[in-house]
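Computed from a predicted structure; not experimentally measured.
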Amino acid sequence: ARMEKSKDWEPSPTALADGAYKEATQRLQDEARSTLKDLPSWPQRTPCGRFMRTGQCKRENNCLWDHPKPVTNSKGYVLRTGRPTCATFSRTRTCRFGTLCSYDHPESLCVQAGEEPLPVDEVAARQ
């Protein structure tokens, strides 16, 4: 007898984390293969939708859309004004997803030279 999934079935948190990790790893590998210098820049044209969402473009040099360099903070992390703040960046001041992270990395959270990152309880209080 074959077991059927119930309507309330959801993947486990571990399965979700594994899936997110695999997706991020794939995106980072794709980013390494397709650097910004290889993509055409057409400032007068509309930005490439796929590039703006994922940081990569399958059409590469054949794409007719613009591939703008991302706007970054002083540490090189992407500024995405209007998006939620990256939880990892707010906690650790680093982000393993780099330019592919879809969250904001505000300049106000960048640690000045010689400063220590915020204690976890202070970060939690800000959220």
For residues 79-86, which side-chain donor-acceptor pairs fall under 3.5 Å, sequence neighbours excluded?
residue: R80; atom: NE; partner: C101; partner atom: O; Å: 2.7
residue: R80; atom: NH2; partner: T99; partner atom: O; Å: 3.1
residue: R80; atom: NH2; partner: C101; partner atom: O; Å: 3.2
residue: R83; atom: NE; partner: S102; partner atom: O; Å: 2.9
residue: R83; atom: NH2; partner: S102; partner atom: O; Å: 3.3

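A heavy-atom distance below 4.5 Å is found between the side chains of H105 and C95. Put simply, the side chain of C48 does not reach to within 4.5 Å of the side chain of D66, judged on heavy atoms. Between Y77 and C110, every side-chain heavy-atom pair lies at or beyond the 4.5 Å cut-off. Under the 4.5 Å side-chain criterion, counting only non-hydrogen atoms from C-beta, E107 is in contact with S74. The side-chain heavy atoms of F89 and N73, taken from C-beta on, include a pair separated by under 4.5 Å. Side-chain contact between L64 and R45 is present, with at least one heavy-atom pair separated by less than 4.5 Å.
Counted within 6.0 Å of CZ on R59, heavy atoms from surrounding residues, nucleotides or ligands total 12 or fewer; the atom is thus considered open.
With rounding to the nearest 0.5 angstrom, the SG atom of C57 is 3.5 Å from the NE2 atom of H67. Between Y103 atom OH and T88 atom OG1 the span is 10.0 Å, to the nearest 0.5 Å.
A distance-only check finds a donor-acceptor pair linking the side chain of R93 to the backbone of L109 [under 3.5 Å].
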